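These numbers come from the heavy atoms of this one structure, side chains and all, not from hydrogens, waters or symmetry mates. Order of the sequence lines fixes the chain letters, A, B, ..., with proteins taken first and strands second; residue numbering starts at 1 for each chain. It should be emphasised that the depicted structure is a prediction, and the values quoted were computed from it without experimental measurement.
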Protein chains: 2
Amino acid sequence: MSPTRIPEATVARLPVYLRALNSLLEREIRTCSSEELASAAGVNSAKLRKDLSHLGSYGTRGVGYDVEYLRYQIAREIGLTQDWPVVIVGIGNLGHALANYSGFSSRGFRTVALLDADAARQGELVAGLKIRPFTELSAIVREHGVAIGVIATPAAAAQSVCDHMVDAGIRSVLNFAPTVLTVPPEVDVRMVDLSSELQILAYHEQRKSAPASPDPTLDPEVVA
Amino acid sequence: MSPTRIPEATVARLPVYLRALNSLLEREIRTCSSEELASAAGVNSAKLRKDLSHLGSYGTRGVGYDVEYLRYQIAREIGLTQDWPVVIVGIGNLGHALANYSGFSSRGFRTVALLDADAARQGELVAGLKIRPFTELSAIVREHGVAIGVIATPAAAAQSVCDHMVDAGIRSVLNFAPTVLTVPPEVDVRMVDLSSELQILAYHEQRKSAPASPDPTLDPEVVA
DNA sequence: AAGAGTTTGTGAACGTGGGAACAAACCGAG
DNA sequence: CTCGGTTTGTTCCCACGTTCACAAACTCTT
């Protein structure tokens, strides 16, 4: 079962399951059914069971899942049993927030350096780390074996920063800058687009308030 | 064509197209083909054309699209031609960054209030707005007709904040807190999960470095 | 030991989305 | 006006993801 590739949609949900399991553990719940875990994760139980079946057969029929055991298996599958050094480039408001975000460090992720091109900010202390010049990127990546880079720069700088990251050997990029990044095929990019999310909400909100026809120019027959 | 529902996957890409069109306009490009726009948006041209065809027939065969016209049509479809007042709750590091994020205000979104439960932060000035007590939520929503709320609180507070938002009449929620929110069916929630994104990258990164079998416990036959 | 009651893992049906390929439609030259 | 070149809008097909429904497997009681 395990040797087969895990569907992308399932991979995207594994972190959610992991959080739900952690939450159950905090409440000292040792065992749970697919129904309980699914409800904690906000999905339906059939989907949850199919997702987990892609990892292996870690439950017991008639009983459910051992919370601790399942949590370990998912963490191992994602790769959180190992250490992931991360660099953050662009320490503006957002980079600042990311550096202080406990959700990164609490999983296996360790921020090893904060970089910024702005000379005026060099040496400033953020989340216990000194801001260093962007030119040190390559050396830092080599020294710590960094595989993941986070871009929190303005859009105009993002592609150039990304190119340097790729040159330095980084193969996974998390991009917060509102721009499309072009990378070689072996590099993964995930985009977190704050304003897109709001726009998607706005689209649905608009549909809620105007169920019929929001714009008369689209409905000539109403006028006729 | 337009009266039909627009697929969710298409809606999620409209903001990307909008940004690409803005970028073309800044370079004073008045007309573009589906190929050019697709490349600027990081998708293939067939997908782009199919997406646009869901909105209507705004291109000209043999010629391409008028950048300005198409931009307006997409903006109108999303609902960006109207004003969207927004409240942000939880002015920690992340809330701070969101309040200052220009990508919100530059589209039709207007942050009308910053709320925080922490009494010590009341009155503090962030991005030109005073932080106000969370208890004023309902009055603010009524006064400004707020339909969209942003949650940037710690996970523990998020569900309670969300419940108050729904009570106050908010029907779309953008959630940055790392927790699943439960809402009535008429309310939309979109989740932006920073640590999930990193975990998804880590999963793929792990697969890149260890193509065969990352864990011997899963491959008994290797041992046998 | 057998049967009743649970709960997982999976096979099959269904729906959504993506991509190739092509017909329809437009422009410009002659 | 016609023809060749170009680009859109759409159709068809395939792959992926979701959900239902059920057999397999386990526990507990009698």
Expressed in angstrom and rounded to an integer, what is the separation of [X] atom [atom1] from [N] atom [atom2]?
X: B/D66; N: D/dT7; atom1: CG; atom2: C1'; answer: 15 Å
X: B/E36; N: D/dT7; atom1: CD; atom2: C1'; answer: 11 Å
X: A/L52; N: D/dT19; atom1: CG; atom2: P; answer: 15 Å
X: B/Q73; N: D/dT8; atom1: CD; atom2: C1'; answer: 16 Å
X: A/H54; N: C/dT8; atom1: NE2; atom2: P; answer: 17 Å
X: A/D51; N: C/dT8; atom1: CG; atom2: P; answer: 14 Å
X: A/R13; N: D/dC16; atom1: CZ; atom2: P; answer: 15 Å
X: A/L48; N: C/dT7; atom1: CG; atom2: P; answer: 14 Å

- prompt: When we call it a touch if two heavy atoms are under 4.0 Å apart, what does A/E8 touch: a base, just sugar-phosphate, or nothing?
  reply: sugar-phosphate
Nearest heavy-atom contact between A/R171 and B/K208 is O-NZ, 2.7 Å
Minimum-distance nucleotide to [X] side chain [options: [options]]:
X: B/K47; options: C/dC22, D/dC22, C/dG18; value: C/dG18
X: A/N44; options: D/dT19, C/dA20, C/dG18; value: D/dT19
X: B/K50; options: D/dT18, C/dG9, D/dC12; value: D/dC12
X: B/Y65; options: D/dA23, D/dG9, C/dG18; value: D/dG9
X: B/R61; options: C/dA25, C/dG11, D/dC26; value: C/dA25

Examine the base of C/dG9 for any acceptor or donor lying under 3.5 Å from a partner atom in the side chain of A/R49, and report the outcome as yes or no.
yes
* Please state whether the phosphate of C/dT8, meaning OP1 or OP2, lies under 4.0 angstrom from any side-chain nitrogen or oxygen of A/S34. => yes
Practice item. Give a yes/no answer on whether the side chain of B/T60 brings an N or O atom under 4.0 Å of OP1 or OP2 in C/dC26. Key: no
By nearest-nucleotide position on DNA chain D, the 5'-leaning member of B/C32 and A/T10 is B/C32
Self-check item: Charged N-O contact under 4.0 Å between A/D83 and A/R110
Solution: yes
Notebook entry, point to check: Between A/E77 and B/R207, is there a side-chain N and carboxylate O pair less than 4.0 Å apart?
Noted result: yes
To the nearest 0.5 Å, atom CZ of B/R71 lies from atom CG of B/N22 at 5.0 Å
For B/Q199 and B/S196, does a side-chain donor sit closer than 3.5 Å to a side-chain acceptor? no
